[in-house]
Amino acid sequence: YPELSGGNNPNFQKFNQAARGFVTTKVSLFKKEMKLEEDEEPPPEGSMGSDLNIGYTVVLAQDDLVSIRFDVGTYYQGAAHPNSYTEVINYDLKNGKQLKLSDLFKPGAKYLQAISAYSIADLKKQGKDLLSEQIESGAAPKAENYQSWNIGKTGLGINFDAYQVGPYAAGPQFVLVPYSNLKDLINPDGPIAQFASR
């Protein structure tokens, strides 16, 4: 898992706890799910078994802001295919807290509608065997569709996991929403105001 070092900033430690906590929780849940019941047979010799993989990408790392994307992959023995999904930590190091998407925008701003409209148009342009109705549903302006996002220097990265806006075979999708498209909605005192003014 990612870890901040250098200096004795207590907010670095808070971030480290959040990142470590994310990974250790995933591992212990996986172990719990894999525990054999008393009447369950162990996997046959030579079978692939089940596994959990967690990797991460540092999307942004600054003195005041860190944005991490975790790629989580699981395979449960006997399943038709592995599963993968993304989760994120967007962390405000100045205030020592994880950011919610709403923290980036002015109170009452219709940011979900703006992000959704851009994402739907961009996904349709990307094509890639995506069905229009799946895009419209999976990228609709609902909070649950926008849980996986990262702060970049030029825009807000939106991660759509497999199945969300297309069939499993199409895989995960990504949309970068430029800050210029959101500038009227961005909180001028918020963490991404520094990028929106560029």
Side-chain angles (χ1 to χ4, degrees), residues 22-23 25-26 29-30 33-34 47-60 67-90 98-106 108-187 190-192 195-196:
F22 170 82
V23 173
T25 299
K26 291 286 176 207
L29 280 172
F30 182 77
E33 289 172 359
M34 291 300 100
S47 76
M48 277 179 51
S50 302
D51 65 48
L52 167 70
N53 289 295
I54 302 173
Y56 68 88
T57 303
V58 178
V59 178
L60 181 76
S67 186
I68 307 289
R69 185 186 73 235
F70 289 95
D71 295 297
V72 182
T74 55
Y75 177 75
Y76 294 102
Q77 182 176 313
H81 54 71
N83 257 330
S84 61
Y85 59 94
T86 57
E87 287 197 31
V88 297
I89 293 179
N90 293 288
Q98 280 197 61
L99 293 166
K100 299 188 297 277
L101 192 54
S102 59
D103 293 334
L104 310 182
F105 300 97
K106 295 173 185 170
K110 301 226 179 289
Y111 63 90
L112 275 178
Q113 288 80 344
I115 294 169
S116 170
Y118 187 91
S119 296
I120 288 170
D122 192 63
L123 288 164
K124 286 181 177 177
K125 235 187 287 173
Q126 289 181 37
K128 295 186 194 163
D129 302 323
L130 302 179
L131 301 171
S132 188
E133 55 270 15
Q134 250 182 311
I135 292 172
E136 302 271 349
S137 164
K142 297 178 188 162
E144 63 264 23
N145 287 339
Y146 294 93
Q147 299 292 314
S148 184
W149 53 274
N150 288 103
I151 297 169
K153 287 190 174 174
T154 59
L156 207 55
I158 309 295
N159 308 300
F160 294 101
D161 294 331
Y163 289 120
Q164 189 175 343
V165 293
Y168 176 81
Q173 304 298 317
F174 176 80
V175 171
L176 183 68
V177 183
Y179 292 129
S180 54
N181 278 57
L182 305 168
K183 66 176 183 293
D184 297 337
L185 306 172
I186 292 172
N187 183 343
I192 61 171
F195 306 122

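The shown structure was predicted, so the numbers you read here are calculated from the model rather than taken from an experiment.
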* side-chain hydrogen bond (donor to acceptor under 3.5 Å, both in side chains) between D161 and T86: does it pass, once the steps are laid out? -> CA-CA 7 Å; D161 294 331; T86 57; 3.0 Å; yes
* Asked: Do the side chain of Q126 and the main chain of V175 share a donor and acceptor less than 3.5 angstrom apart?
  -> no
* **Pairing residues for Y85 by the ring pair (Phe, Tyr, Trp, His ring centres under 6.0 Å) criterion, not counting sequence neighbours** => none
* To do: With sequence neighbours left out, write down each residue that passes side-chain hydrogen bond (donor to acceptor under 3.5 Å, both in side chains) with N181, or none if nothing qualifies.
  => none
* Could you tell me which residues satisfy side-chain hydrogen bond (donor to acceptor under 3.5 Å, both in side chains) with N159, sequence neighbours excluded, listed by chain and number? => S148, N150
* **Side chain proximity check, V59 to N90, heavy atoms < 4.5 angstrom** => no
* Under the ring pair (Phe, Tyr, Trp, His ring centres under 6.0 Å) rule, collect the residues that match up with F30, sequence neighbours excluded. => Y76
* To do: List in chain and number order the residues that pass side-chain contact (heavy atoms from CB on, under 4.5 Å) with A169, two or more places apart in sequence or in another chain; answer none if no residue qualifies.
  => none
* Can you name the residues that form a side-chain hydrogen bond (donor to acceptor under 3.5 Å, both in side chains) with Y146, not counting sequence neighbours? -> none
* **Residues in side-chain contact (heavy atoms from CB on, under 4.5 Å) contact with A109, at least two apart in sequence or another chain** => F105, K106, L185
* **Nearest heavy atoms of N83 and Y163, plus distance in Å** => OD1-CE1, 4.4 Å
* Asked: Going by the salt bridge (charged side-chain N to carboxylate O under 4.0 Å, His left out) test, which pairs reach into residues 132-141, not counting sequence neighbours?
  -> K124-E136
* Structure fact -> Across all chains, not counting sequence neighbours, the side-chain contact (heavy atoms from CB on, under 4.5 Å) partners of Q147 are A143
* **Residues which pass side-chain contact (heavy atoms from CB on, under 4.5 Å) with V23, listed by chain and number, not counting sequence neighbours** => Y1, V27, I54, F70
* Structure fact -> Those residues at least two apart in sequence (or on a different chain) that pass side-chain hydrogen bond (donor to acceptor under 3.5 Å, both in side chains) with N145 are none
